[in-house]
Asker: 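Dumping the structure here so I can ask a few things about it.
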Amino acid sequence: MTQKYDAIIIGAAIIGCCIAFELAKKGYKTLNVDKLGAAGHGSTSNSCAVIRLHYSTPDGVAMAREGYFYWLNWEKYLETTDETGMITYINHGCLVTKTEKNKYLKNVMASLDELGVEYEELTPEGMQKKFPFLDTRQYGPPRLPDQPGFGEPTGGRLEGALFIPESGYISDPILSSHNVQVAAEAKGGEFLFHAQVTDIRQKDGRVAGIVLKDGAEIDAPIVINVAGPHSFIINRLAGVESGMNIKTRALRQEVAHAPAPEGVDYEGTAPLISDGDIGCYSRPEVGNHILIGSEDPDCDTLEWIEDPDRYNQNFTGQWKTQVMREAQRIVDLRIPNTMQGVVDLYDCADDWIPIYDRSDLAGFYMAVGTSGNQYKNAPVAGAIMAYLIEQVEAGHDHDQDPLQYSLKYIERQLNLGSFSRLREINRDSSFSVIG
Ligand SMILES: Cc1cc2nc3c(=O)[nH]c(=O)nc-3n(C[C@H](O)[C@H](O)[C@H](O)COP(=O)(O)OP(=O)(O)OC[C@H]3O[C@@H](n4cnc5c(N)ncnc54)[C@H](O)[C@@H]3O)c2cc1C
């Protein structure tokens, strides 16, 4: 391994690997450095890997739609085959309930219409006909099990839901990172594991490389922070945090796994469900299980983590809360005695919209603040970061004149200024995992 590269990428999970692949295709000599032992072993490993389209902003919907086509054309995108196996995309469609908070999905439908994406508007009766295991009564706004009225309908039925057929999930997020690592290596990219970055070096007002825990120094005129929930630490090492209007923090999350009700082929027939009425999202999981995450409703206390290397990795009452909330929607869902699932961290931006940007330090870039919702967008993030880096290094002033990126599948321009570290808080955001 040489000790000089065109670009060092801190992090070798799904987004770090996608950036390496895109830069390597452009001829950059890249090195991904990760303190863990293999690609995708960070927060990506516990991602629910849901591929869905309903975001609260038109750019969010457009990016997710573009990402969908990358997953659909995975082998073509990678231009190679990973001999350890290739991921599968499982398409079950996505059911999104209409609530007052999501404005009955009017904005989402407008964005889907603009992109020509098919969807079906379902009445409560239509929801039940399509998915007989659903209870379509209204329970919202979401509350905690110890709050009065929990589990009791709050009046009538839901307003209805959207069913978006082209949505699904990826079988194995670690394998997807490995697939992209192999693709990046095929283009000359290198990877260094078990190597923790402890400092960012600078020379003459520009980034000059990194220092590793063992004291080794590696040179590069470009360094990219893709460190997930550790992103704020890397930004502090580079001294760029004070120049950011939007910042990132680590947020603890629990995802529960519970067996589907007896007699329901959940794994074979159930859709992804995004349900603001009960404050949960869910998807089928192998073993006829249901995987249940929180949509961060107002009643849940957000648990911000100061040290992403030291946080409670055991389940808490939140686990049971999520299963009990889901049991309002899935008829006969039982609360298991054994708690199964995952505990991990989001790298959360102040407005739950990612930062794909340069920094005030020349040559130092970041793809951070992915807020629990950017796994699906990783291939697009890779492409836009490579474009942004190429343009900024060629002298473009992205801060003053935001770059526009042509999304190749959906043939739409994406204003990269909406992912700027300098933006004002985006008030259109859901301020939740929905983005
Ligand atoms: C529980 C959970 C569920 C999710 N579900 C979904 C979903 O359904 N759909 C969706 O689209 N998104 C989802 N997400 C979000 C998505 O998984 C993330 O946005 C995405 O995986 C982030 O990838 P990444 O490459 O940026 O970072 P990570 O996977 O966090 O990787 C960062 C890497 O940086 C390395 N690193 C950190 N510090 C250093 C250092 N100092 N030196 C060297 N290496 C370092 C880490 O070891 C790690 O490997 C979920 C996230 C979580 C936690």
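For ligands, and for the atoms within them, numbers begin at 1 and follow the listed sequence. We're numbering straight along the sequence, starting at 1.
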Asker: So if I count the atoms of ligand 1 from 1 in the order they appear, which ones are less than 4.0 Å from some heavy atom of L345?
Answerer: 53 (C)
Asker: Short list, please: which atoms of ligand 1 are under 4.0 Å from a heavy atom of V255?
Answerer: 1 (C)
Asker: Identify whether NZ of Lys or CZ of Arg in R412 sits under 6.0 Å from the centre of the six-membered ring of Y409 and within 45° of that ring's axis.
Answerer: no
Asker: Looking only at side chains, do E393 and Y28 share a donor and an acceptor under 3.5 Å apart?
Answerer: no
Asker: Starting from atom 11 (O) of ligand 1, find the nearest protein heavy-atom neighbour and note its residue, name and distance.
Answerer: K376 NZ, 2.6 Å
Asker: Nearest to atom 25 (O) of ligand 1 by heavy atom, I9, I15, V368: which?
Answerer: I15
Asker: Is it true that the NZ or CZ of R252 lies under 6.0 Å from the centre of Y311's six-membered ring and within 45 degrees of the ring axis?
Answerer: no
Asker: Do F163 and Y119 have ring centroids that are under 6.0 Å from one another?
Answerer: no
Asker: With a cut-off of 4.0 Å, which atoms of ligand 1 are near a heavy atom of I234?
Answerer: 41 (N)
Asker: Taking the six-membered ring of Y68, is NZ or CZ of K376 closer than 6.0 Å to its centre and within 45° of its axis?
Answerer: no
Asker: Which ligand 1 atoms are under 4.0 Å away from a heavy-atom of P229?
Answerer: 30 (O)
Asker: Among all protein heavy atoms, pick the one closest to atom 8 (O) of ligand 1 and tell me residue, atom and distance.
Answerer: V50 N, 2.8 Å
Asker: For ligand 1, which atoms, with element, lie under 4.0 Å from some heavy atom of G42?
Answerer: 29 (O), 48 (C), 49 (O)
Asker: With a 4.0 Å cut-off, would you call R427 and D351 a salt bridge?
Answerer: no
Asker: Pull out every atom of ligand 1 sitting under 4.0 Å from any heavy atom of H230, numbered as shown with elements.
Answerer: 37 (C), 38 (N)
Asker: Nearest to atom 50 (C) of ligand 1, what protein heavy atom do you find, and at what distance?
Answerer: S47 OG, 3.6 Å
Asker: Can you pull out the closest protein heavy atom to atom 40 (C) of ligand 1? Residue, atom name and distance to 0.1 Å, please.
Answerer: V197 N, 3.7 Å
Asker: Number the atoms of ligand 1 from 1 as they appear, then name those within less than 4.0 Å of a heavy atom of S43, with their elements.
Answerer: 28 (P), 29 (O), 30 (O)
Asker: Kindly assign one of parallel, tilted or perpendicular to the pair W71 and W74, based on the angle between their ring planes and the thresholds 30° and 60°.
Answerer: parallel
